[in-house]
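Written out below as structure tokens is the structure these notes cover.
Counting starts at 1 for both ligands and their atoms, in listed order.
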Amino acid sequence: MATTSEPTTRDELQAKYRAERDKRLRDDGNEQYVEPTGKYAHFLDDPWAEVPEREPLHDEVTVAFIGGGFAGLVTGARLKQAGIDDVRIIEKGGDVGGTWYWNRYPGAQCDTAAMIYLPLLEETGHMPSEKYTHGPEIYEHTRRIAETFGLYDNACLGTEVTELEWDDDAKRWIIRTNRGDEMRAKFVAMGTGPLHRPKLPGIPGIESFAGHAFHTSRWDYAYTGGDPDGGLMTGLADKRVGIIGTGATAVQCVPHLARAAGELFVFQRTPSSIDIRNNHEIDPEWFSTLEPGWQREWLENFMILQTGGFADDDLVKDGWTDISQRIRDRVFADPGAQLTPESWIKAYEDSDDEKMAEIRARVDEIIDDPETAEALKPWYRQLCKRPCFHDEYLQSYNRPNAHLIDTDGHGVERIDETGVWANGVHYELDCLIYASGFEVGTDYARRSGFDTIGRDGLKLSEKWDDGMQSYHGMHVYGFPNLFVVSPSQAANLISNVPHNLVEAGQTIAAILTHALDVDATEVECTAEAEQQWVDLLEKFGRRFGNNQECTPGYYNNEGRSSGRRGVLNSAGYPAGPVAFFQYIDEWRTSGDFTGLEFR
Ligand code: NDP
């Protein structure tokens with residue numbers, strides 16, 4: 001067992017955090033990454049589907065949804081439930097599933113409990129097999145939603161939207177695609193996902209590597225052997241495998257690589273915080289006792305506890321609710337305590353210090369080699385980076401064939417034809433895997449892969465150049481009959497993204513039911529409603545991430561201020577998710593739809 005290196009005072013700890021952050025700050029910030037275009041475009045090829053040829057479409061639908069992930073599926077489901085049948089999902093991948101279609105790396109699993117993460121469990125009659133389900137089951141669930149609600153019938157899969165343009169004379173959207181389609185839709189909704197476009201590290205020489213290379217979101221089982229269910233990757237038995245990155249993705253696939261590879265080299269710039277996973281199977285007998293309406297109750301219970309509220313019971317009991325409850329319990333430990341912003345901050349800092357010390361102690365308990373243990377300890381506040389939960393990741397480094405190559409915050413130096421240079425040492429590799437994440441904070445049109453041209457030729461990329469502008473995160477003035485589905489500028493409940501999407505689907509169904517009832521050809525928010533909403537969020541919005549004191553990463557724009565654009569892109573409803581969902585429920589059920597015009 002390694003010896004611990006814990007600072008003894010808060011000042012020492014903060015100095016350590018600051019020093020570790022400063023080591024990692026770079027002038028090029030988010031620009032350090034390379035877009036997978038041109039000579040890197042093959043990194044985006046779809047390994048899962050041969051898309052059959054078809055004739056270009058020139059037809060019309062009532063509602064087109066761009067993106068076949070959870071956003072499109074739950075919105076499609078709510079529309080079908082509302083009796084709006086003519087819905088078309090347009091999806092780049094060869095099937096629905098979004099992130100769960102693409103990310104089939106070994107060990108892929110969701111950190112949010114399946115009982116709340118998997119939408120529409122009651123409607124589809126599915127019981128999750130485990131508390132935290134694995135990728136293949138989640139992908140199957142996305143297919144189940146599509147089948148249950150007939151969303152495959154009219155879908156265009158393997159079809160990438162290249163442009164979306166409003167035809168003001170016809171009052172229709174024109175959707176152009178890479179299949180030569182020019183479809184028309186009365187209404188368009190889009191859920192193109194916040195972490196959708198893979199990025200590569202801009203390491204000098206990256207193009208020169210002559211071995212086998214791929215990004216984790218396009219796992220090459222033809223090369224590695226094995227399968228998404230975790231079958232042993234026999235193709236790697238005699239290979240020297242490198243993986244760059246130690247974020248949430250790498251944490252899940254490294255144990256599988258360590259089991260399979262001849263030699264594994266994990267190139268680490270910043271260690272993730274790895275808390276206990278504690279997964280278990282779901283008991284069918286217990287599951288059968290749940291009363292109808294249980295999922296809504298669970299969703300609300302999790303959201304309330306996760307955002308610092310009170311509930312009699314913690315139904316989900318996971319790492320997310322633990323973080324918030326530790327803070328809350330500290331604040332209320334002293335019955336005479338004053339509830340001030342300062343008391344919350346102090347409680348947050350005390351809880352975080354305690355949690356991170358536990359996480360570092362866990363490294364010491366698990367890792368045999370003291371030097372490796374030191375390198376695996378995270379020195380930042382837990383929510384500076386995506387917290388990870390795993391019961392096999394750290395243990396992997398006790399294997400003789402698994403080597404942690406820690407770069408002390410500096411990253412890989414260079415890549416050449418035969419391998420990777422780090423800390424002045426060359427590591428010869430047969431295979432190099434990029435666990436380097438996804439674009440965040442880059443231009444909206446670049447991330448979604450197409451631009452949207454509204455009334456009078458206004459492009460959404462131009463309108464949002466200085467940050468997102470919307471009403472409720474969904475409606476954009478100048479873009480009639482368009483609905484954006486994302487957590488931003490709305491509830492912003494990041495710990496359980498599908499919850500945001502299910503609510504958005506319900507809102508869109510209510511609006512479109514009304515629009516069709518009153519025979520409206522156009523639905524648009526007013527300029528005033530949008531301005532007021534944007535002003536509210538800019539002044540008082542709850543922001544996710546962007547803490548400049550944190551170690552750099554995509555949560556804080558790589559440690560560089562992202563200005564107004566960052567504020568607007570990451571802002572949520574000032575009073576938080578619970579209040580937003582209450583507000584939006586009243587808004588959509590009142591029938592007034594204040595701020596929207598139905599023409
Ligand atoms: P991340 O962006 O979180 O991680 C990218 C990794 O690449 C980081 O460790 C980064 O280091 C490293 N890196 C980048 N450049 C270099 C370099 N030059 N040298 C060495 N290392 C480098 O991507 P992930 O795919 O891991 O995760 C993305 C998100 O997807 C997660 O945050 C989470 O939201 C979601 N996800 C959720 C999962 C779950 O529910 N369990 C599982 C997987 C993903 P550094 O930290 O220093 O920047």
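- Assignment of K385 to the shell around ligand 1 is supported, since a heavy atom sits closer than 4.0 Å.
- Those atoms of ligand 1 with a heavy atom of G411 less than 4.0 angstrom away are 19 (N), 20 (C).
- Contacts with ligand 1 closer than 4.0 Å are made by backbone heavy atoms (N, CA, C, O) of Q109 only, the side chain lying farther away.
- Under a 3.5 Å cut-off, the side chain of T307 and the backbone N or O of I304 do form a donor-acceptor pair.
- L257 CG to C431 SG: the interatomic distance, rounded to the nearest 0.5 Å, is 8.0 Å.
- Ligand-side atoms of ligand 1 in range of D111: 39 (C), 40 (O), 41 (N), range being under 4.0 angstrom from any heavy atom.
- Every atom of ligand 1 with a heavy atom of I244 under 4.0 Å away is listed here by number and element: 19 (N), 20 (C), 21 (N), 22 (C).
- Residues D46 and R218 are not paired through a salt bridge, judged by the lack of any N-O separation under 4.0 Å between the basic side chain and the carboxylate.
- Here the heavy atom of the protein found nearest to atom 25 (O) of ligand 1 is T249 OG1, 2.6 Å.
- Here is the list of ligand 1 atoms found below 4.0 Å of a heavy atom in Y33: 14 (C), 15 (N).
- Considering backbone and side-chain atoms alike, R26 places every N or O at 3.5 Å or more from each N or O of ligand 1.
- Ion pair E20/K16 flagged as a salt bridge, since at least one NZ, NE, NH1 or NH2 atom sits closer than 4.0 Å to an Asp/Glu carboxylate oxygen.
- Aromatic ring pairs are classed by plane angle as parallel below 30°, tilted from 30° to 60° and perpendicular above 60°; the pair W298 and W294 is perpendicular.
- Ion pairing between a basic and an acidic side chain is recognised when a charged N comes within 4.0 Å of a carboxylate O; R326 and D352 show no such pairing.
- Every atom of ligand 1 with a heavy atom of Y105 under 4.0 Å away is listed here by number and element: 42 (C), 43 (C).
- Ranking the protein heavy atoms by distance from atom 6 (C) of ligand 1 puts A435 O, 3.3 Å first.
- Checked against the 6.0 Å centroid criterion, the rings of Y434 and F43 qualify as a close aromatic pair.
- Atom 47 (O) of ligand 1 has its closest protein heavy atom at T270 OG1, 2.6 Å.
- In this structure, the ring of Y117 has its center less than 6.0 angstrom from the ring center of F70.
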